[in-house]
Amino acid sequence: MNDAQSPLRLHKKHGSGQANDVLSGDVRRLIGAQSIRNAIIAGCIVIIIFCVFWILLSELSNRIFPWFTVVLGFLLGHSIRLAGRGTDWRFPTIAAAQAVAGALIANVVVAASVTAEGFGTGVIDVLRAVTSMTWPVFFDEVLTIADGVYAVVAAALAAFYANRRLTRSEYYALRLWREEQGRD
């Protein structure tokens with residue numbers, strides 16, 4: 001870009017227009033900060049806390065909110081972003097898979113809490129008493145198509161929010177590195 005200002009253009013306040021200096025250390029730092037283990041552990045912790053919170057909310061309000069699994073997807077995406085610090089396809093995949101599994105687990109646990117309340121026993125006792133004959137009844141009577149739709153929406157939200165946010169220079173450095181490696 002030249003320094004001659006055109007009378008028809010507004011003054012640029014966002015940058016000089018010169019190329020950014022990209023260091024290979026930036027890419028090594030980005031790649032080294034990724035952690036699949038941390039992402040999976042953070043996702044599991046979020047699922048456990050979410051199940052407990054959903055049980056408490058259901059017991060306090062005497063209602064079950066099936067759309068609440070969408071909130072799980074949002075929380076999973078953000079926790080995987082913060083803990084995993086991923087920049088590639090693995091982290092949205094992990095987030096989506098954990099969102100679907102977490103939606104199923106949360107529905108099972110909430111159904112067990114409602115059953116436990118009806119029988120006057122604990123949730124853990126109901127979960128221990130689950131047999132192979134319980135699952136067909138659960139899938140026929142408790143789990144609906146709407147729960148599946150909410151799980152898919154939760155998976156999409158989790159995948160959308162799972163990747164790390166990069167600055168322009170970080171994204172540019174990562175893009176150049178992937179082109180050199182032949183990954184794009």
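Every heavy atom of this structure was used, including side-chain atoms; hydrogens, water molecules and symmetry mates were not.
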Requested in this report: Only counting residues at least two apart or in another chain, list the ones meeting ring-ring contact (aromatic ring centres under 6.0 Å, His included) with Phe50.
Outcome: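 Checked Phe50 against ring-ring contact (aromatic ring centres under 6.0 Å, His included); matches are Trp54, Phe68.
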Query raised in the report: Trp67: what forms a ring-ring contact (aromatic ring centres under 6.0 Å, His included) with it, not counting sequence neighbours?
Result: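 Scan of Trp67 (ring-ring contact (aromatic ring centres under 6.0 Å, His included), adjacent residues dropped) gives Phe65.
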[X]: hydrophobic cluster co-members (side-chain, 4.5 Å):
{"X": "Ile80", "value": "Ile36, Ile40, Phe91, Ile94"}
{"X": "Ile45", "value": "Ile41, Ile49"}
{"X": "Leu60", "value": "none"}
{"X": "Ile48", "value": "none"}

**Report entry** ring-ring contact (aromatic ring centres under 6.0 Å, His included) pairs, two or more places apart, involving residues 149-171
**Finding:**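 As it turns out, the ring-ring contact (aromatic ring centres under 6.0 Å, His included) pairs with a partner in residues 149-171, which skip direct neighbours, are Phe74-Tyr161, His78-Tyr161.
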Which heavy-atom pair separates [X] from [Y] by the least distance, and what is that distance?
{"X": "Ala159", "Y": "Ala96", "answer": "CB-CB, 4.3 Å"}
{"X": "Gly84", "Y": "Ala39", "answer": "CA-CB, 3.9 Å"}
{"X": "Ile105", "Y": "Cys51", "answer": "CG2-SG, 4.2 Å"}
{"X": "Val27", "Y": "Ala173", "answer": "CG2-O, 3.3 Å"}
{"X": "Ile47", "Y": "Gly102", "answer": "CD1-CA, 3.8 Å"}
{"X": "Ser58", "Y": "Val110", "answer": "OG-CG1, 4.2 Å"}

Side-chain atoms of residues 123-135: list all donor-acceptor pairs with protein atoms under 3.5 Å, sequence neighbours left out, distances to 0.1 Å.
residue: Asp125; atom: OD2; partner: Thr121; partner atom: OG1; Å: 3.1
residue: Thr131; atom: OG1; partner: Met133; partner atom: N; Å: 3.3
residue: Thr131; atom: OG1; partner: Thr134; partner atom: OG1; Å: 3.3
residue: Thr134; atom: OG1; partner: Thr131; partner atom: N; Å: 3.1
residue: Thr134; atom: OG1; partner: Thr131; partner atom: O; Å: 3.4

Query - For Ala151, side chain to side chain contact (heavy atoms under 4.5 Å, CB included) partners two or more places apart - result: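 Ala151: side chain to side chain contact (heavy atoms under 4.5 Å, CB included) contacts with Ala103.
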Hydrophobic clusters here meaning ILVMFWY residues chained together by side-chain heavy-atom distances under 4.5 Å, can you tell me if [X] and [Y] are in one?
{"X": "Val142", "Y": "Leu104", "result": "yes"}
{"X": "Leu75", "Y": "Val100", "result": "no"}
{"X": "Leu56", "Y": "Val71", "result": "no"}

Query - With Asn163 via side-chain hydrogen bond (donor to acceptor under 3.5 Å, both in side chains) - residues at least two apart - result: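 side-chain hydrogen bond (donor to acceptor under 3.5 Å, both in side chains) list for Asn163, sorted by chain: empty.
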Report task. May I ask you to decide if Leu72's main-chain N or O and Thr69's side chain share a donor-acceptor pair within less than 3.5 Å? Result ->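 Between the backbone of Leu72 and the side chain of Thr69 there is no qualifying donor-acceptor contact (under 3.5 Å).
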Query raised in the report: Under the side-chain hydrogen bond (donor to acceptor under 3.5 Å, both in side chains) rule, what pairs show up with a residue in residues 97-117, not counting sequence neighbours?
Result: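 Matches after skipping sequence neighbours: none remain.
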Requested in this report: Scan residues 79-93 for pairs that pass side-chain hydrogen bond (donor to acceptor under 3.5 Å, both in side chains), counting only residues two or more places apart or in two chains.
Outcome: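 Only Gln34-Thr87, Asp88-Arg90 qualify under side-chain hydrogen bond (donor to acceptor under 3.5 Å, both in side chains).
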Query - Heavy-atom check, side chain of Ile31 versus side chain of Leu174, under 4.5 Å - result: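 Yes, at least one pair of side-chain atoms sits under 4.5 Å.
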